[in-house]
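The structure under discussion appears below in the form of structure tokens.
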Amino acid sequence: MRFEYDLLIVAASPLALDIAYRCAALGRIGLVIPAADAQWQWQWQRWWLSQFPPQRLDTQQWQHFQAHLSHGQRRYALRVLELVGVDVITGAGEFVWQPRCHFQVGGDRLYAQGYFLLDAPAAMDAQDMDALSRIELACWHHWSGKALHPDAQGLPLVATEDAWFNDRLHAALSGLGLGVPLLGRRKAPDPTPLNLHRLQRDAQGWLRINSQGRTSHPQVYACGGWQRGYHLPSLTYFEAFAIARQILQRKPMPLDYYRQPWWIALPVPIARVGWNARQAQQRLREPVQLWEIQQFSSEGQSLGQVVINRQGQLLGATLMGQDAIAGSRIFGQCLGQNAVAAITYAGWEFDCQRQRSPKAQPSANCGKGLASPDP
């Protein structure tokens, strides 16, 4: 049979359920999802873990998280999606490019104004899994009390662009007793199952995606695991929601990552918003300052590093601790504003001299000599 949609989402992540649910009022949406399997269930855990990270490593907090997970699965059940107007198709399919581009699932031909590849399917094999996914998987086992598979030992630390992030992620995982050797790299997904060979890819096999999320085919968009770089649920969700709306509203807009925070929901969460030092120097062509900050709360001490330009404006923040996720959202609203005022407004304080007093303030030379780019 033949079906016509305004937007057809080919999903490899439960993030698509929320995107389809929220965008249903903007047009007719078709949603192709795989049959439930271990990978799909793990993606559920990973997404919800990024939204509701347990505050402590204990049974009570883990049960609280499981209650959030069950609520989410009920909210985005297939019957609920159908009631809001989303046409859900379960199964595997592939693109057919001639004579007119469409997505074929069995005997059904699915046509749309725009096709959206929301995240790439990932193998559960420990050797091929995204490094950050493996780290989160290890923490999930740590929370649930389950033993890790022998092949998952020796978790790789993902190769990121800033040493500050690597050092603190390594420290957080080492504190859990998880071995984290350097370095791991994520592999490009296989285009064969979806017949994506027609789309342009780079030398390593990643899809070429422009600033609006569009591939080399004018009707096909992609995000998440189809592109190189960070592969985190919070970033993928931001990309997916923005791309879906621009397809349905027919208003192409570049994706703006500058104010979009991302985070990893580890037992000691790590979060980032804005630019790091290397990114800021590449864009501004001038030295920047790095200031250490901290926050004290009932959950303990949180640490951070902010990037500031010559005019004293906040360019970015990388945070670690129980207040990291909430702090990254607040700092995101203050990017481009006075850094001292932003840090004070967010409830953090300067720690340039490693002072632990809650009243510590930056000295006149705070941040000087720390402007060298990340290696």
Side-chain angles (χ1 to χ4, degrees), residues 3 5-55 59-92 105 110 112 114 116-122 133 136-137 139-140 143-144 221 223-225 231-249 260-266 269 271 325-326 328-329:
F3 299 87
Y5 301 101
D6 296 306
L7 170 64
L8 181 71
I9 303 175
V10 181
S13 167
L15 286 168
L17 306 180
D18 183 74
I19 299 300
Y21 181 89
R22 294 180 182 276
C23 295
L26 299 178
R28 189 178 182 197
I29 298 178
L31 175 60
V32 181
I33 60 175
D37 58 9
Q39 172 66 19
W40 186 259
Q41 182 61 25
W42 161 237
Q43 293 286 2
W44 261 110
Q45 295 275 2
R46 186 174 185 234
W47 173 32
W48 226 249
L49 197 62
S50 73
Q51 303 299 311
F52 304 100
Q55 296 180 352
T59 303
Q60 182 179 1
Q61 287 293 320
W62 182 252
Q63 291 175 345
H64 183 64
F65 165 71
Q66 292 291 337
H68 278 296
L69 179 64
S70 299
H71 172 74
Q73 291 174 323
R74 290 192 300 270
R75 177 178 179 180
Y76 302 115
L78 302 187
R79 178 57 179 164
V80 175
L81 291 172
E82 291 172 354
L83 288 175
V84 300
V86 178
D87 192 2
V88 182
I89 304 101
T90 303
V105 180
L110 311 179
F116 185 16
L117 302 171
L118 200 162
D119 230 338
S133 293
E136 291 174 319
L137 179 60
C139 293
W140 177 73
W143 269 315
S144 63
Y221 294 72
C223 76
H231 181 213
L232 301 169
S234 56
L235 267 184
T236 301
Y237 182 82
F238 154 74
E239 294 171 335
F241 194 46
I243 292 172
R245 283 188 300 175
Q246 68 170 297
I247 294 175
L248 291 167
Q249 296 174 341
Q260 169 59 28
W262 57 254
W263 54 86
I264 306 178
L266 297 169
I325 295 177
S328 67
R329 292 166 172 163

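Just so you know, these numbers come straight off a predicted model, no measurement behind them. Note that these values count all heavy atoms, side chains included, but never hydrogens, waters or copies made by symmetry.
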Using the side chain to side chain contact (heavy atoms under 4.5 Å, CB included) definition, which of the options Val86, Asp87, Leu248 pairs with Arg28?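 Testing Arg28 for a side chain to side chain contact (heavy atoms under 4.5 Å, CB included) against Val86, Asp87, Leu248 leaves exactly one candidate, Asp87.
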For Ile89, run the side chain to side chain contact (heavy atoms under 4.5 Å, CB included) check against Val10, Leu31, Leu110, Ile33 and tell me which one passes.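 Looking at Val10, Leu31, Leu110, Ile33, the match for Ile89 under the side chain to side chain contact (heavy atoms under 4.5 Å, CB included) is Leu110.
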Show your reasoning for whether side chain to side chain contact (heavy atoms under 4.5 Å, CB included) applies to Ile243 and Ile19. CA-CA 10 Å; Ile243 292 172; Ile19 299 300; over 6 Å; no
Looking only at heavy atoms, which two atoms of [X] and [Y] are closest? And how far apart?
{"X": "Cys23", "Y": "Ile29", "result": "O-CD1, 3.5 Å"}
{"X": "Val80", "Y": "Tyr21", "result": "CG1-CE1, 4.0 Å"}
{"X": "Asp119", "Y": "Ala12", "result": "O-CB, 3.5 Å"}
{"X": "Pro233", "Y": "Leu15", "result": "O-CD1, 4.0 Å"}
{"X": "Ala92", "Y": "Val105", "result": "O-CG1, 3.7 Å"}
{"X": "Trp263", "Y": "Ser234", "result": "N-OG, 3.3 Å"}

Does some side-chain heavy atom of [Y] sit less than 4.5 Å from a side-chain heavy atom of [X]?
{"X": "Asp18", "Y": "Tyr237", "value": "yes"}
{"X": "Trp48", "Y": "Gln43", "value": "no"}
{"X": "Thr236", "Y": "Trp47", "value": "no"}
{"X": "Leu17", "Y": "Trp44", "value": "yes"}
{"X": "Gln45", "Y": "Phe65", "value": "yes"}
{"X": "Phe116", "Y": "Cys223", "value": "yes"}
{"X": "Gln41", "Y": "Gln73", "value": "yes"}
{"X": "Leu117", "Y": "Tyr221", "value": "no"}

Check step by step if side chain to side chain contact (heavy atoms under 4.5 Å, CB included) holds for Ile264 and Leu232. CA-CA 7 Å; Ile264 306 178; Leu232 301 169; 3.7 Å; yes
Cation-pi between Arg74 and Tyr76: NZ/CZ under 6.0 Å from ring centre and within 45° of the ring axis?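 Not flagged: Arg74 not positioned over aromatic ring of Tyr76.
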Calculate, to the nearest 0.5 Å, the distance between atoms CG and CZ belonging to Leu26 and Arg245 respectively.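 Spacing of CG (Leu26) from CZ (Arg245) equals 8.5 Å.
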Tell me whether His68 at atom NE2 has more than 12 heavy atoms from other residues, nucleotides or ligands lying less than 6.0 Å away.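 Counting neighbours around NE2 of His68, more than 12 heavy atoms of other residues, nucleotides or ligands fall under 6.0 Å, so yes.
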Ignoring hydrogens and geometry, is there a side-chain-to-backbone donor-acceptor pair from Glu239 to Gly224 under 3.5 Å?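 Confirmed, Glu239 side chain pairs with Gly224 backbone.
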